Amino acid sequence: MSVYDPQNLRLPSCLQTREGWSQWMELNRSQEPHLHQIEPTNQCPYSCIMCPRSKMTRKQGLMDLGLYQKVMDEVALYSEPIRSKEIELYHFGESLLHPELDKMIEYASSRKLNVSLSVNAPQLTPMIAEKILKKHPCKIIVSLDGYDEASYQAIRGKNADFSKAVDNIEKLVSLHQQMESHTQICVCMIKLHINEKHTAIFTERWRKLGIAVDIRGFFPWGDKQMVGLGEFQQYPPRMPCPFPWQYLVVQWNGDVVPCCRDYNGINVMGNVKHASLKAIWNGPAFTEFRQQMTTGQYSPSNSICAECLSIYCH
């Protein structure tokens, strides 16, 4: 579902209330969940200014390969419209830190599933890049954001090595060509106030190498302290958060959360160690959570949605 510009929107009468929005989204909700993200790890050596990981208090760890395969086996049996959707093999961590990431990609590919990666360029050494390309992910997004050493470290922290990032991307492009890989490769910039005047230079630099460039809009997660980092879009008036009707996310320990912004696992709907994705998606916890979105009355244990929606709701 798109995020709209509320200043230039004319809604039908059925979408003038939270209840109307909720009814419409429920009518369009698939009984099979879209696995939007699955998290190999929530470990990361970077300190990006537009990422709330600095406030993460949940335990850090690595997803068990067997648990990952269990989830992939279930999704592989879904109907075509759901099964063919892109699965992001990341959530709140640097996926390249998982020692069996190549096996994860290979298993998904063997089940005819489309997994994508979003990685930090300094971690993507030529050896790792070659291992990954051989396993045929559908896409590799290389997050860069900066246009020189100073801007890169200002955005991604002191561990962000711009020269190493550039060298790794150039070698990735070369490997991609040599291997005649069908994996999509793109370099990504999240548009912030700190880099927005340099999007054209950034785009020109990387397109000269024949690589796709993705200039992405900024969103401040659910953190009011990040609002000033860049421009972002809001939802239409009285629209509840659409995510609980659209997809789910599996964190490294198997917890299922209804939102890609729930970095601390506050609203856990279930765990794939004990239940299927489909059972969780259609179960009582998810149903009750959608009801919170419908009424705007959030449970005492839900400490994130009210503040988040106060940012995004017009």
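Everything quoted here is computed from the prediction, not taken from an experiment.
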### Query
What residues, two or more places apart in sequence or in another chain, satisfy ring pair (Phe, Tyr, Trp, His ring centres under 6.0 Å) together with Tyr263?
Phe92
### Task
Apply salt bridge (Lys or Arg N to Asp or Glu O under 4.0 Å) to Glu196 and list each qualifying residue two or more places apart in sequence or on a separate chain.
none
### Query
Hey, what's the ring geometry for Tyr235 with Tyr312, parallel, tilted or perpendicular (30° and 60° as the breaks)?
tilted
### side-chain contact (heavy atoms from CB on, under 4.5 Å) evaluation trace for Ile105 with Ile132
CA-CA 7 Å; Ile105 299 168; Ile132 288 174; 3.8 Å; yes
### Task
Identify, with sequence neighbours excluded, every residue that meets ring pair (Phe, Tyr, Trp, His ring centres under 6.0 Å) alongside Tyr107.
none
#### Entry: Residue pair Asp145 / Ser143, side-chain donor-acceptor N/O under 3.5 Å
no
### Message
Is there a side-chain contact between Leu35 and Val249 in this structure, where contact means two heavy atoms from C-beta onward sitting under 4.5 Å apart?
### Response
no
### Ile190 side chain reached by Phe218 side chain, heavy atoms, under 4.5 Å
yes
### Task
Inspect the contact between Arg58 and Glu39 and indicate whether a charged nitrogen and a carboxylate oxygen are less than 4.0 angstrom apart.
yes
### Message
Count I, L, V, M, F, W, Y as connected when their side-chain heavy atoms are under 4.5 Å apart, and connections chain through other members. Are Leu209 and Phe202 then in the same cluster?
### Response
yes
#### Entry: Modelled atom types, side-chain donor and acceptor of Ser151 and Asn195, under 3.5 Å
no
#### Entry: Within 45° cone of Phe162 ring axis and under 6.0 Å: Arg156 NZ or CZ
no
#### Entry: Single-linkage hydrophobic cluster Leu175~Ile140, side-chain heavy atoms < 4.5 angstrom
yes
### Set of residues satisfying side chain to side chain donor-acceptor pair (under 3.5 Å) with respect to Asn302, sequence neighbours excluded
Asn267, Gln292
### Task
Would you please name every residue forming a ring pair (Phe, Tyr, Trp, His ring centres under 6.0 Å) with Trp281, sequence neighbours left out?
Phe286
### Query
Taking only residues two or more places apart in sequence, or in another chain, which ones meet Glu204 in a side chain to side chain donor-acceptor pair (under 3.5 Å)?
none
#### Entry: Side chains of Pro45 and Leu97 in contact at under 4.5 Å (non-hydrogen atoms)
yes
### Summary
Asp262 meets the salt bridge (Lys or Arg N to Asp or Glu O under 4.0 Å) criterion, sequence neighbours left out, with none
### Task
Using the rule that two of Ile, Leu, Val, Met, Phe, Trp, Tyr join whenever any of their side-chain heavy atoms come within less than 4.5 Å, decide whether Ile304 and Met226 are in one cluster.
no
### Message
Looking at Arg83 and Glu80, is any side-chain nitrogen of the basic one under 4.0 Å from a carboxylate oxygen of the acidic one?
### Response
yes
### Query
Is the closest side-chain donor-acceptor distance between Glu94 and Asn120 under 3.5 Å?
yes
### Message
Can you confirm whether Leu117 sits close enough to Val142 that some side-chain heavy atom of one is under 4.5 Å from a side-chain heavy atom of the other?
### Response
no
### Task
May I ask you to check whether over 12 heavy atoms, not counting those of Glu231, lie within 6.0 Å of atom CD?
no
### Message
Could you report the tightest heavy-atom contact between Arg18 and Met293, atom names first, then the distance?
### Response
NH2-O, 2.5 Å
### Sequence neighbours excluded - side-chain hydrogen bond (donor to acceptor under 3.5 Å, both in side chains) pairs with any residue from residues 45-56
Tyr46-Gln123, Lys55-Asp223, Lys55-Gln225
### Query
Do the ring planes of Phe243 and Tyr247 sit parallel (below 30°), tilted (30 to 60°) or perpendicular (above 60°)?
tilted
### Message
Checking His198 now: which residues fulfil ring pair (Phe, Tyr, Trp, His ring centres under 6.0 Å) with it, not counting sequence neighbours?
### Response
Tyr147
### Task
Using salt bridge (Lys or Arg N to Asp or Glu O under 4.0 Å) as the criterion, list what pairs up with Arg29, not counting sequence neighbours.
Glu26
### Message
Check Glu74 with Lys70, please: is the shortest side-chain N to carboxylate O separation under 4.0 Å?
### Response
no
### Message
Could you check whether any side-chain heavy atom of Asn42 comes within less than 4.5 Å of a side-chain heavy atom of His91, counting everything from C-beta outward?
### Response
no
### Message
Could you check, using the six-membered ring where one of them is a Trp, whether Trp221 and Phe219 have ring centers closer than 6.0 angstrom?
### Response
yes
### Task
List for me each residue that meets side chain to side chain donor-acceptor pair (under 3.5 Å) alongside Asn168, sequence neighbours excluded, and say none if there are none.
none
### Message
Holding to side chain to side chain contact (heavy atoms under 4.5 Å, CB included), I want the full list of residues that pass it with Ser116, two or more places apart in sequence or in another chain.
### Response
Glu86, Glu88, Tyr90, Cys138, Lys139
### Message
Are Val187 and Asp214 packed together at the side-chain level, in the sense that at least one heavy-atom pair is separated by less than 4.5 angstrom?
### Response
no
